[in-house]
Amino acid sequence: MKLLSRKAMCNTHGQDSSYFLGWQEYENNPFDEVQNRNGIIQMGLAENQLSFDLLESWLANNPDVAGFKRDGNSIFRELALFQDYHGLPSFKKALVEFMAEIRGNRVTFDPSRIVLTAGATSANETLMFCLAEAGEAFLLPTPYYPGFDRDLKWRTGAEIVPIHCTSSNGFQITASALEEAYQEAEKRNLRVKGVLVTNPSNPLGTTMTRNELNLLIKFITAKNIHLISDEIYSGTVFKHSPRFVSVMEVLKDRDYDKTEVWNRVHIVYSLSKDLGLPGFRVGAIYSNDDMVVAAATKMSSFGLVSSQTQYLLSALLSDKKFTKNYISENQKRLGKRQRMLVMGLQKAGISWLESNNAGLFCWVDMRHLLHSNTFEEEMELWKKIVYDVGLNISPGSSCHCSEPGWFRVCFANMSEATLNLAMQRLTDFVAEYSTANGHKRLHHSSKNSKKTSLTLPDKWLIRRLNWIRKIQKWLSRHLNWIEKIQNGC
Amino acid sequence: MKMLSRKASCDSHGQDSSYFLGWQEYEKNPYHEVQNPNGIIQMGLAENQLSFDLLESWLASNTDALGLKRNGRSVFRELALFQDYHGFPAFKNELVEFMAKLRGYKVAFDPNKLVLMAGSTSANEILMFCLAEPGEAFLLPTPYYPGFDRDLKWRTGVEIVPIHCSSSNDFRITACALEEAYQRAQKLNLKVKGVLVTNPSNPLGSTLNRDELNHLIDFAIKKEVHIISDEIYSGTVFDSPSFISITEAVMEKHVDHETDLLGRIHIVYSLSKDLGLPGFRVGMIYSNNETVVAAATKMSSFGLVSSQTQFLLSNMLSDKKFTSKYIKENQRRLKKRKDMLVSGLRSAGIGCAKSNAGLFCWVDMRYLLRSDTFEAEKELWKRILFEVGLNISPGSSCHCSEPGWFRVCFANMSQETLKVAIRRIEVFAESSSSASGRENLSHQRSVRNSRRSLSKWVFPISSYNDHEPADR
């Protein structure tokens with residue numbers, strides 16, 4: 001008899017894809033400004049590390065909160081026992097106010113409609129459990145966050161059918177792409193239960209236009225299906241860029257809040273990107289549908305947010321002076337960092353999706369560096385960038401992009417100096433690469449094209465150097481130890 | 001088209017059962033020593049509130065751990081970014097050490113086989129996802145924790161088939177009951193993937209004895225199924241016999257080499273009961289099966305433990321002097337509190353199952369039933385809720401096969417409140433004993449089940465009270 005379930009045995013958690021090779025290589029040889037300057041720079045991780053100082057300074061000025069105190073009195077017991085899946089009321093209130101603030105208070109949220117979950121990962125899966133049976137489908141515009149293959153499908157049995165978006169219009173969603181995806185699902189005998197979009201988009205780093213949002217609303221109305229808007233990056237819009245428009249805002253502007261479509265739109269949020277706190281596991285579902293709220297609330301039992309964390313963050317987010325300053329400053333820093341990255345790309349002769357106005361990454365166009373317009377070539381290029389250039393970036397194929405040659409490059413998880421170094425490496429690589437292969441934009445396949453031979457000795461050298469550095473580190477640790485013994489420590 | 005999934009629309013989350021009526025009534029009219037002395041006393045909540053002072057005193061002396069500092073330096077950034085589903089290494093090391101300590105170091109655990117997730121609620125569900133397909137079944141001895149109906153079945157589609165245990169042998173699991181449950185599952189066309197036990201048991205409040213563990217092991221070997229041992233109450237064992245973990249029992253039988261049984265044993269644990277920290281959401285799975293560990297680790301993404309909490313508790317558990325003192329003192333207080341409840345019930349003429357663990361007693365109110373039925377049990381429960389003002393858990397909510405048993409918690413209130421509760425029970429029992437149906441009930445019971453005799457642990461009323469039964 002089969003001992004374990006198919007879920008345990010299979011690989012639809014998607015973590016055996018070659019995409020993770022990049023991660024492993026980074027783990028084996030991580031860049032360090034001091035100790036390993038030739039290591040691989042992690043540019044595949046969408047983390048926001050730019051504004052920790054603001055959080056740390058708030059914590060330093062509010063030690064009571066971390067210490068389980070309220071007005072000087074210990075509330076440890078109350079928090080230790082608090083496991084109510086309705087969530088800490090003060091935290092939910094602060095959270096919905098924060099969400100409204102991010103949307104310029106053009107939309108307001110009702111705290112009784114928010115459900116807290118351990119991260120957006122949990123929120124998205126919970127919504128699938130609530131809205132779809134196993135074998136039913138959601139449509140997702142490509143390119144999309146690779147984690148969705150696991151989060152939406154693995155344990156739920158739901159299917160994803162892609163809505164193909166292309167560079168011809170900046171990867172925006174079109175009415176015909178929506179319809180085509182719907183037909184594709186029908187052909188595969190998959191009942192479509194809804195559309196899931198990430199807005200701002202991961203990996204595109206762009207906010208949806210009003211036109212796209214209107215198209216979506218029209219589509220879900222016509223097909224009588226749901227819309228999930230994952231707005232996890234809503235607070236990362238760069239300063240002085242086109243602002244974020246939430247689907248709720250459009251619905252309200254068009255008086256949809258009086259219709260039953262209102263009940264079919266659900267928002268997912270999290271503090272992992274805007275506040276840079278993925279370790280604290282704070283996610284949320286917001287829905288106007290009572291039954292979804294009720295079911296999701298009960299399901300949140302499987303992933304509640306630690307009361308210790310709810311309390312800390314309710315105090316943080318209730319401090320309106322802090323949140324106002326944080327949102328503004330964080331967006332300023334993100335914008336500055338993105339400009340640094342794109343200047344570097346420009347210098348390297350690499351273009352990017354210029355509508356990039358949000359997120360922690362840039363959607364970069366390296367099609368001109370492909371020997372042929374294929375995903376195999378994209379993989380080859382990606383491996384070169386990982387091993388030879390020493391940058392772990394995310395290939396578009398891992399995001400189900402329909403066009404080869406696009407890469408997601410993160411910029412908010414490292415220092416300025418590291419980013420500059422990364423850009424320098426890229427510039428050098430492109431220069432050598434172009435010299436070796438000519439400056440032509442290659443669209444035809446070239447099976448016999450000689451791979452550049454400059455990379456092999458470099459690769460070998462880099463690996464040997466890293467090996468020598470590891471030995472040096474080991475030796476210096478042991479020498480320290482021996483010294484200590486000699487000195488009688 | 002159906003807008004929502006069946007999971008969202010149905011009620012197999014089990015939370016619409018009338019059992020929750022008690023909770024609602026309590027919420028509307030909660031007892032308060034000063035402000036609402038006539039309110040309902042919550043005795044349906046298995047929380048451990050007896051040892052917070054020990055935790056608070058540790059926290060007061062360890063402000064660094066609270067303030068996210070290590071040796072005076074902030075580790076905020078490191079923790080804010082830490083979302084590795086392998087868990088905080090220091091925390092896992094401390095947890096396995098703590099678990100070994102609770103087992104008297106008779107077993108050792110490997111931190112690499114431990115998977116962390118947000119509470120044992122999550123742990124149990126994840127194990128179902130890993131071990132069973134929808135439509136397959138796990139066998140559970142009755143009575144069992146009502147939450148399992150939701151945790152094990154709701155989103156997984158797995159079925160529960162009860163292993164009927166009865167008061168005739170103190171609700172112990174027998175080889176016969178195991179086999180009978182298995183046959184019943186077969187008749188229902190359900191493939192049995194394993195057995196799930198809670199040890200110490202909720203709601204019985206007793207540890208499994210060696211015989212039971214051996215029956216389980218023999219059964220699992222013969223049928224090639226899994227054993228999940230939910231040991232969430234392992235730190236609450238306050239009396240002999242001492243706790244025997246499933247791992248210890250397997251080791252002692254020396255079957256691990258002959259069979260691949262060890263790869264089918266999985267332990268669930270949590271800090272919600274032993275440390276009284278349900279709000280912090282710390283649960284875990286321990287398994288010797290690499291594939292299960294790998295899959296459960298990935299699944300834990302859907303409910304990771306907050307890094308802030310992992311950091312705090314890894315510091316706390318690393319203080320060995322504290323943990324030793326805590327375990328001992330906590331158990332002493334639990335025993336004292338349980339003795340108080342048991343003797344209070346005894347003086348009211350009510351017996352309990354013998355217990356040596358947990359945060360509750362399994363109370364025998366069969367003699368107060370109008371008839372030996374679950375309807376009568378429900379009636380009695382409502383009377384106790386509305387007239388006596390105690391929210392206790394009826395055995396039917398725990399799928400007990402015999403009416404008249406109730407789980408009564410004792411560790412979630414002050415001593416004074418417990419005394420009030422006991423006084424109320426005494427008054428109620430006194431007034432109920434004069435109900436005319438009592439004698440008929442005794443007769444019915446002995447006729448229905450002649451092999452069932454009053455087990456020695458049910459204190460005969462006549463030995464302990466001044467009143468003749470007819471006068472009560």
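Here is how names work: the chains are called A, B, and so on, in the same order as the sequence lines, proteins then strands, and each is numbered from 1.
In this structure, the separation between CD on B:Glu133 and CZ on A:Arg6 is 4.0 Å, given to the nearest 0.5 Å. The structure places CZ of B:Arg281 at 10.5 Å from CD of A:Gln310, a figure rounded to the nearest 0.5 Å. From B:Ile126, atom CD1 reaches atom CZ of A:Arg155 across 5.5 Å, with rounding to the nearest 0.5 Å. Here the CG-CZ distance, from A:Leu59 to B:Phe76, works out to 5.5 Å after rounding to the nearest 0.5 Å.
Residues B:Ser301 and A:Arg281 approach most closely at O-NH2, 4.1 Å, considering heavy atoms. Scanning both residues, B:Thr291 and A:Ala8, for their nearest heavy atoms gives CG2-O, 4.0 Å. Considering all non-hydrogen atoms of both residues, A:Ala118 and B:Gly303 come closest at CB-CA, 4.0 Å. Contact between A:Ala66 and B:Gly67 at its shortest, heavy atoms only, is CB-CA, 4.3 Å.
Both the backbone and the side chain of B:Phe129 come within less than 4.5 Å of a heavy atom in chain A. Contacts of A:Phe129 with chain B are made by both backbone and side-chain atoms, with heavy-atom separations under 4.5 Å. Residue contact with chain B, scored on non-hydrogen atoms closer than 4.5 Å, involves the backbone of A:Val305 exclusively. In this structure, no portion of B:Asp64 lies under 4.5 Å from any heavy atom of chain A. If you measure heavy-atom distances from A:Gln308 to chain B, the contacts under 4.5 Å come from both the backbone and the side chain. Residue B:Met299 touches chain A through both its backbone and its side chain, counting heavy-atom pairs closer than 4.5 Å. Contacts between B:Leu59 and chain A at a heavy-atom distance below 4.5 Å involve the side chain alone, from C-beta outward. Residue A:Asp64: no heavy atom, backbone or side chain, is found under 4.5 Å from chain B. For chain B, no part of A:Leu275 is nearby; none of its heavy atoms comes within less than 4.5 Å. Residue contact with chain B, scored on non-hydrogen atoms closer than 4.5 Å, involves the side chain of A:Ser74 exclusively. For a residue to count as touching a neighbouring chain, one of its non-hydrogen atoms must lie under 4.5 Å from one of that chain's; by this rule A:Asp151 touches chain B with backbone and side chain alike. Of the two parts of B:Thr121, the backbone and the side chain both hold a non-hydrogen atom closer than 4.5 Å to a non-hydrogen atom of chain A.
Side-chain contact check for A:Lys193 versus B:Leu4: every heavy-atom pair is 4.5 Å or farther apart. Here the side chains of B:Gln308 and A:Ser306 are not in contact, with every heavy-atom distance at 4.5 Å or above. You'll find the side chain of A:Glu260 stays beyond 4.5 Å of the side chain of B:Met3, heavy atoms only. When side chains are defined from C-beta on, B:Asn289 counts as touching A:Leu4, because their heavy atoms get closer than 4.5 Å. At least one side-chain heavy atom of A:Leu81 sits less than 4.5 Å from a side-chain heavy atom of B:Pro278. Counting heavy atoms from C-beta on, the side chains of A:Leu3 and B:His226 come closer than 4.5 Å. A 4.5 Å side-chain heavy-atom check between A:Thr126 and B:Arg155 finds at least one atom pair inside the cut-off.
Ranked by heavy-atom pairs under 4.5 Å with chain A, the first of B:Asn412, B:Leu277, B:Thr309 is B:Thr309. For the set B:Met117, B:Glu78, B:Gln49, the count of heavy-atom pairs under 4.5 angstrom toward chain A peaks at B:Gln49. Between chain A and the options B:Ala118, B:Ala80, B:Ser122, B:Ala295, heavy-atom pairs under 4.5 Å are most frequent for B:Ala80. In terms of non-hydrogen atom pairs under 4.5 Å with chain B, the most contact-rich of A:Cys130, A:Gly119, A:Ser122 is A:Cys130. Looking only at heavy-atom pairs under 4.5 Å with chain A, the residue among B:Gln83, B:Gln310, B:Arg77 that has the most is B:Arg77. The choice from B:Ser300, B:Ser5, B:Gly194 that makes the most heavy-atom pairs within less than 4.5 Å of chain A is B:Ser5. Contact count versus chain A (heavy atoms, under 4.5 Å) is highest, among B:Gly157, B:Ser307, B:Ser74, B:Gly279, for B:Gly279. With respect to chain B, the highest number of heavy-atom pairs below 4.5 Å among A:Thr309, A:Asn263, A:Leu312, A:Asn413 belongs to A:Thr309.
Relative orientation of the A:Phe68 and B:Phe280 rings is parallel, given thresholds of 30° and 60° on the angle between their planes. The aromatic rings of B:Phe302 and A:Trp154 sit tilted, their planes meeting at an angle between 30° and 60°.
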